[in-house]
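Report on the structure given below.
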Amino acid sequence: MSPESETLWTLLEADLRPLRQGLVTHPVYGLIGDLPALRVFMASHVFAVWDFMSLLKTLQRRLTCVDVPWIPPADPLAARLINEIVLGEESDEVAPQRYTSHFDLYLTAMEEVDADARPIRRFLTELREGLAPEGVLASLPIPKTTSRFVIDTLCTCETSTLEVASAFLLGREDLVPAMFRSLIAEIERSGTRCASFRLYLDRHVHLDEETHGPLAKMLFVSLCGDDPANWARAKAMAATALASRRALWDGVVDALKGEGE
């Protein structure tokens with residue numbers, strides 16, 4: 001990272017710190033200390049687990065080649081970085097010779113605690129049938145804030161590659177370890193047992209902090225370069241992504257308190 005980029009990154013982190021901290025200390029984590037509450041949380045959070053892959057696949061489509069005939073990627077380093085992340089997210093080795101996507105691992109965790117996976121499964125079934133996401137989401141028995149979060153993410157996928165990378169890094173990869181540590185702390189405090197969910201959380205803390213986060217940061221910085229205008233666009237998108245996550249968590253809190261839709 002150049003000295004100019006280092007300075008711009010430091011300024012960006014400082015500007016986003018209040019939004020980020022509000023998510024790391026959000027009251028939602030303190031409300032999932034028993035299985036009924038965890039089930040409510042997971043029924044909404046699974047949609048964020050799903051739409052994360054839309055951000056990732058948008059970057060893979062733009063920075064690598066997934067078409068036939070194949071064309072070499074314009075930026076081999078960017079292609080390497082994003083393919084490395086896809087490998088872990090789509091086919092992680094969660095145990096010796098056991099490979100699974102993190103989304104499927106999450107579904108396994110939902111089954112383990114008897115969380116309601118019918119909305120997300122119906123969502124996927126109707127997407128396979130060619131229905132538009134917005135219409136399907138509107139018909140599902142989930143909080144409106146959850147539907148809005150997914151729609152916001154899909155809209156982000158239509159923006160510039162720099163903005164998608166910003167939402168991916170600053171709204172997801174860089175944030176997840178701290179958020180998930182808050183979840184782990186509450187689960188340990190309450191004594192709630194869910195082996196697959198704990199594995200899911202632990203894998204993300206480990207991978208996002210030690211591997212995926214640094215890779216996403218390298219990609220993000222390379223896209224921003226030393227241009228302050230690029231960093232300003234990235235900051236605006238990051239703030240939007242963080243606000244969207246805050247609204248998602250607020251909606252889960254309302255649902256847990258019996259105030260949700």
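Any value given below was found using the heavy atoms of this structure, including those in side chains, with hydrogens, waters and symmetry copies removed.
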Could you tell me which non-hydrogen atom of L105 sits nearest to which non-hydrogen atom of T100, and how far apart they are?
N-OG1, 3.9 Å

Using salt bridge (Lys or Arg N to Asp or Glu O under 4.0 Å), reason through K217 and E173 one step at a time and then give a plain yes or no.
CA-CA 9 Å; K217 181 179 176 181; E173 296 284 45; over 6 Å; no

Among R203, K57, H102, the one residue meeting side chain to side chain donor-acceptor pair (under 3.5 Å) with E89:
H102

Within 6.0 angstrom of R80 CZ, more than 12 heavy atoms from elsewhere
no

Is there a path of hydrophobic side-chain contacts, each under 4.5 Å between heavy atoms of I, L, V, M, F, W or Y residues, that connects [X] with [Y]?
X	Y	result
F149	V24	yes
M237	L55	no
V28	F180	yes
L124	L154	yes

For [X] and [Y], does a side-chain donor sit closer than 3.5 Å to a side-chain acceptor?
X	Y	answer
W249	Y29	yes
R122	S139	yes
S101	E90	no
E163	S160	yes
S2	S5	yes
R245	T153	no

The salt bridge (Lys or Arg N to Asp or Glu O under 4.0 Å) partner of R181 among E188, E209, E186 is E209

Taking the side chain as every heavy atom from C-beta outward, state whether F103 and F52 have any atom pair closer than 4.5 Å.
no

Test log, rule side chain to side chain donor-acceptor pair (under 3.5 Å), inputs T159 and T156
CA-CA 5 Å; T159 63; T156 298; 5.5 Å; no

Begin with the C-alpha distance, continue with both residues' side-chain angles, and end with the deciding distance and a verdict on salt bridge (Lys or Arg N to Asp or Glu O under 4.0 Å) for D208 and R172.
CA-CA 9 Å; D208 291 352; R172 305 286 182 121; over 6 Å; no

Taking it one step at a time, do W50 and F123 satisfy ring-ring contact (aromatic ring centres under 6.0 Å, His included)?
CA-CA 10 Å; W50 173 82; F123 178 63; 4.9 Å; yes

